[in-house]
Protein chains: 2
Amino acid sequence: MVTSNELTITDVAKASGVSVSTVSRILNGKQDVAKATREHVLQVIDELGYAPHAQAQSLRAGKTRNLGLLFPLKDPGNVPYNSLDIEFIVSAAAAAEKQNFFFSLLTASVTEQSLLNLYRSAQIDGLVLMQVYSEDWRVDLLRKNGYPFVMIGHTENNEGLSFIDLDFKGAVIAAFEHLIRQGYRQIAFISLPNKMRQEGYGPALRTWEGYQRIIEQYHIPAIYREVNFGRQEAFDATLALLDEVHDLSAIITTHADGALSIIQALNERGMRIPDDCSVIALTANRMAELTTPTLTNLDFPAHDMGDRAVDMLLRMLRNELTEPEQVLIPPKLILRNSTNL
Amino acid sequence: MVTSNELTITDVAKASGVSVSTVSRILNGKQDVAKATREHVLQVIDELGYAPHAQAQSLRAGKTRNLGLLFPLKDPGNVPYNSLDIEFIVSAAAAAEKQNFFFSLLTASVTEQSLLNLYRSAQIDGLVLMQVYSEDWRVDLLRKNGYPFVMIGHTENNEGLSFIDLDFKGAVIAAFEHLIRQGYRQIAFISLPNKMRQEGYGPALRTWEGYQRIIEQYHIPAIYREVNFGRQEAFDATLALLDEVHDLSAIITTHADGALSIIQALNERGMRIPDDCSVIALTANRMAELTTPTLTNLDFPAHDMGDRAVDMLLRMLRNELTEPEQVLIPPKLILRNSTNL
DNA sequence: TTGAAAGCGATACCAC
DNA sequence: GTGGTATCGCTTTCAA
């Protein structure tokens with residue numbers, strides 16, 4: 001096997017006694033090449049172990065064949081990952097690769113400058129945005145500049161934008177209605193940090209809206225805590241709720257992995273799940289199946305969402321998306337052992 | 001704000017009335033430029049919103065400033081992620097970005113061709129390899145071709161190679177010795193699939209070696225199951241063990257998230273942890289803190305490992321690594337509530 | 001069916 | 001201190 005490096009199309013041309021143009025045509029599968037020439041050159045390419053220089057091709061083509069996923073880490077080193085994140089990331093990566101795109105994971109927090117420069121400096125053709133806020137300067141900026149991107153999440157004004165998101169409001173409503181229908185009324189809501197809601201973080205905002213709607217419509221008592229990320233926070237909040245509301249009979253949470261801490265707290269107080277207290281979480285199915293007891297959860301098809309987001313973006317780049325595609329996934333409750341019936 | 005696209009260095013040169021060379025010098029921070037010129041050009045660049053074309057720079061420089069992480073998915077769509085994987089991925093991405101490298105997540109399974117082509121086609125400067133086998137054709141191939149890479153994991157013959165890995169053998173030994181020292185003898189070992197060991201998957205192999213060593217040295221009964229990934233598998237294996245060994249007093253597992261299923265199974269049988277049965281797992285600290293009860297675990301500093309692997313690779317690319325760097329992280333047992341004392 | 005040459009956007013050498 | 005120009009590897013007219 002020949003192991004030499006740094007082969008160029010010129011080397012291939014020389015080695016096969018044809019011109020560079022001809023080699024290029026063959027590489028690009030053009031049809032106007034004599035069969036014999038093609039076969040010969042392909043064999044030379046194979047023997048030499050030549051592969052075309054991707055960056056040179058990109059430069060020439062004016063496209064990078066690179067996608068980016070913005071996954072900003074607020075505090076690298078101590079990251080509030082949850083079990084959903086890896087599904088988004090890996091599924092998006094796989095989807096991009098399937099269509100021969102490179103996929104870059106971008107974890108640094110972006111500035112207006114650095115965001116625009118991703119496109120201007122031709123590092124990427126398009127972007128998947130996560131952690132989208134209701135008013136999101138990144139979205140405004142990209143829209144204004146006409147740069148291609150899709151969101152996992154959505155903003156207040158989504159005119160002209162493509163996205164895929166879970167119906168968070170509907171999800172919370174579905175969870176509550178399930179319990180209310182069974183006669184539960186003392187239901188606590190453990191939700192995302194108040195700060196995130198104030199800042200307009202989509203899921204924080206919309207789960208809250210769902211909760212308000214439930215409170216008003218069914219006149220159940222407003223028992224809730226908006227808690228920060230972290231095991232201890234969810235744990236403490238649960239204990240505090242149990243102290244405060246002695247006849248608490250269920251907890252619904254939008255903290256993906258916080259459900260685990262809630263279970264810990266209930267155990268700590270000797271409360272049996274679901275007999276003394278039911279639990280419903282908005283978390284990955286994978287995680288919901290691993291807890292003891294298994295969790296009744298709102299389906300969160302993160303894998304599917306990542307996959308579809310990238311697919312959407314690629315169609316956009318190919319101009320196959322004549323109008324914006326906006327997908328809101330309806331809530332789906334999956335019953336397991338943390339609730340009765 | 002000017003939002004025009006597709007600006008080139010020539011546009012900047014024209015707009016500021018200097019030559020392309022001068023703009024290039026300024027972009028690259030060379031010192032032989034008049035202060036006035038520099039300031040003027042920088043201002044023009046700012047006004048125009050110009051950013052140099054990364055691919056063109058790469059082409060010229062002969063370097064891509066791209067790193068790749070190989071994270072092959074055997075069965076996309078139904079992926080056996082565990083809580084460690086995201087830490088590897090995200091920490092590696094963050095480390096690359098910190099040094100201004102793009103970071104690509106590669107989930108497709110590679111062939112000899114496609115692996116070499118990553119380098120030949122100049123898509124990446126270097127690679128981080130995960131899921132390394134004791135005999136690993138990828139490693140052999142890259143070594144033979146002299147392509148830069150580092151491993152998270154290691155092979156049988158690591159001559160000339162750089163890697164960072166956990167001391168899996170030592171970890172298993174540490175876990176057993178901890179229990180044996182306290183008088184436990186009926187300890188079950190729930191380990192990685194036999195198939196992976198046969199295939200020479202590093203962690204499967206070395207945890208097994210650790211176990212053999214313990215069996216021989218302490219003459220404890222060989223109670224073990226090599227189980228496939230998946231909730232059900234670990235769950236069933238645990239139940240089977242409990243049926244088989246009535247005085248089972250502890251379980252040690254190398255299945256990162258399998259510990260959760262083991263807990264489920266013990267609960268199912270009404271066994272209290274740790275009083276009736278202790279559990280020690282080789283899993284992420286983050287996960288160990290979330291279970292009920294919290295898990296005594298072998299520290300698995302995945303975040304740190306991803307970070308250091310990329311750092312190693314970047315030093316290699318800068319030729320700062322005069323000789324191979326081989327890091328084996330010593331085992332560290334973190335006591336929590338799934339064991340006594 | 002094939003080849004020569006221009007050009008993608010940037011850098012660096014060599015003049016001046 | 002500054003500008004002209006060859007060059008990185010490839011694709012694509014345009015001619016032959």
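Here is how names work: the chains are called A, B, and so on, in the same order as the sequence lines, proteins then strands, and each is numbered from 1.
Distance check: A:F102 CZ to B:L105 CG gives 10.5 Å after rounding to the nearest 0.5 Å. Note that OG of B:S91 and CD1 of B:I152 are 7.0 Å apart. Values are rounded to the nearest 0.5 Å.
Heavy atoms from other residues, nucleotides or ligands lying under 6.0 Å from CD of B:E159 number 12 at most. Atom CD of A:E156 sits in a sparse spot, with 12 or fewer heavy atoms from other residues, nucleotides or ligands closer than 6.0 Å.
In this structure, CD of A:Q57 is placed 16 Å from C1' of C:dG9, rounded to the nearest angstrom. To the nearest angstrom, C1' of C:dA10 lies 15 Å from CZ of B:R65. Between the P atom of D:dT11 and the CD atom of A:Q55 lies a distance of 14 Å, rounded to the nearest Å. In this entry the distance linking NZ of B:K63 with P of C:dA12 reads 12 Å, nearest Å. As a whole-Å value, the separation of B:H53 NE2 from D:dT7 P is 22 Å. As rounded to whole Å, 14 Å separates atom C1' of D:dG9 from atom CD of B:Q123. Atom C1' of nucleotide D:dT2 and atom NE2 of B:H40 are separated by 15 Å, given to the nearest angstrom. Rounded to whole Å, the distance from CD1 on B:I9 to C1' on C:dA12 is 12 Å.
The minimum heavy-atom distance between A:V23 and A:A13, with the atom names listed, is CG2-CA, 3.7 Å. Among all heavy-atom pairs drawn from B:D125 and B:R65, the shortest one is OD2-N, 2.7 Å.
Nearest nucleotide to the side chain of A:Y50, out of C:dA10, D:dC10, D:dG3: D:dC10. When distances are taken from the side chain of A:R60 to each of C:dG3, D:dG4, C:dA6, the shortest belongs to C:dA6. Candidate nucleotides C:dG3, D:dG3, C:dC8 were compared by shortest atom distance to the side chain of A:L59, and C:dC8 ranks first.
For the pair B:E97 (side chain) and A:T107 (backbone), a donor-acceptor distance under 3.5 Å is present. With hydrogens and angles ignored, the 3.5 Å screen pairs no side-chain donor or acceptor of A:Q55 with any backbone N or O of B:S58.
Contacts of A:V20 with the nucleic acid, taken as non-hydrogen atoms under 4.0 Å apart, include base atoms.
For the pair B:S19 and D:dG3, the criterion of a side-chain N or O lying under 4.0 Å from OP1 or OP2 is met. Residue A:S58 places no side-chain N or O under 4.0 Å from the OP1 or OP2 atom of D:dC10. Under 4.0 angstrom from either OP1 or OP2 of D:dT11 there lies at least one side-chain N or O belonging to A:S24. Listed pair B:T10 / C:dA10 fails the phosphate criterion, with no side-chain N or O lying under 4.0 Å from OP1 or OP2.
Side-chain to base pairing of B:R25 with D:dG3: one donor and one acceptor N or O lie within less than 3.5 Å of each other. Side-chain atoms of A:S21 come within donor-acceptor range of the base of C:dA4, with a qualifying N/O pair under 3.5 Å.
Between B:A56 and B:R38, the residue whose closest nucleotide on DNA chain D is further toward the 5' end is B:R38.
Contact check of residues 26-36 of chain B against DNA chain D (heavy atom, cut-off under 4.0 Å) returns B:D32, B:V33, B:A34.
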